[in-house]
Amino acid sequence: MKQIANSGYTMIEVMISATLLSIIAIGTMQYFTLSRWQIEKGIRKQLAWANMASRMEKALNVGYDALQDSLPETSVPLTLNGVQGYRSTIVTGIDDPLDGQYPEDTSIPDYLEVTVIFAWFTPDNMTDSLSCSFSEERSWAY
């Protein structure tokens, strides 16, 4: 009788190649998932900065004397690009001890610091913030 030669793969070879293929596929999926997450995070960051910058523009338009009365807000819900966000604006009066008037002028702040904070998804998930100092003498600076 004639003997027929087996020309197929063994079970071990098939298992090793399936394992290697699985490792490569999982690594590729993780790369695409992480890339997508980073892109979405960058888009959210751009939207937050644009929103915070528009809030600072409003602060400029309101004027120095009306900042403390008209600007502060806490966790105002906003929907940007279909994602829920929360914006808070804090106005703090700061007395500069190095201006030569300290401590006599503690009742009137030397300048006001406006901080805009943006949080995504929940009010306590702060991701971005922008601060600006306003002064009647020094105009304003970021």
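For Glu113 and Thr92, the side-chain atoms include no donor-acceptor pair closer than 3.5 Å.
The side-chain hydrogen bond (donor to acceptor under 3.5 Å, both in side chains) contacts involving residues 33-46 comprise Arg36-Glu40, Lys45-Asp128, where partners must be two or more places apart or lie in separate chains.
When the shell of 6.0 Å around OH of Tyr9 is examined, it contains 12 or fewer heavy atoms from other residues, nucleotides or ligands.
Taken together through direct or relayed side-chain contacts under 4.5 Å among Ile, Leu, Val, Met, Phe, Trp and Tyr, Val91 and Tyr86 form parts of separate hydrophobic clusters. Linking ILVMFWY side-chain heavy atoms closer than 4.5 Å, directly or via other members, places Ile90 and Val62 in two distinct hydrophobic clusters. Hydrophobic cluster membership differs between Leu21 and Tyr31, with clusters built from Ile, Leu, Val, Met, Phe, Trp and Tyr side chains linked at under 4.5 angstrom.
Put simply, the side chain of Gln30 never gets that close to the backbone of Gly27: no donor and acceptor are under 3.5 Å apart. At distances below 3.5 Å, not a single donor-acceptor pair connects side-chain atoms of Thr79 with backbone N or O atoms of Gln84.
Summarising the geometry, atom CD1 belonging to Ile117 is positioned 9.5 Å from atom OG1 belonging to Thr74; distances are rounded to the nearest 0.5 Å. For the atom pair CZ (Phe118) and CG (Asn51), the distance works out to 5.0 Å, reported to the nearest 0.5 Å. Atoms CZ and CG, from Arg87 and Leu80 in turn, are 9.0 Å apart once rounded to the nearest 0.5 Å.
With contacts defined as side-chain heavy-atom distances shorter than 4.5 Å, the pair Arg55/Leu71 qualifies. Using a 4.5 Å heavy-atom threshold, the side chains of Val14 and Thr10 count as separate. For the pair Pro72/Thr89, no side-chain contact is recorded, criterion being any heavy-atom separation below 4.5 Å from C-beta on. Contact annotation: the side chain of Trp120 approaches that of Val83 to within less than 4.5 Å [non-hydrogen atoms, C-beta and beyond]. At least one side-chain heavy atom of Ile12 sits under 4.5 Å from a side-chain heavy atom of Ile16.
Listed here is the closest heavy atom pair of Ser88 and Ser75: OG-N, 2.9 Å.
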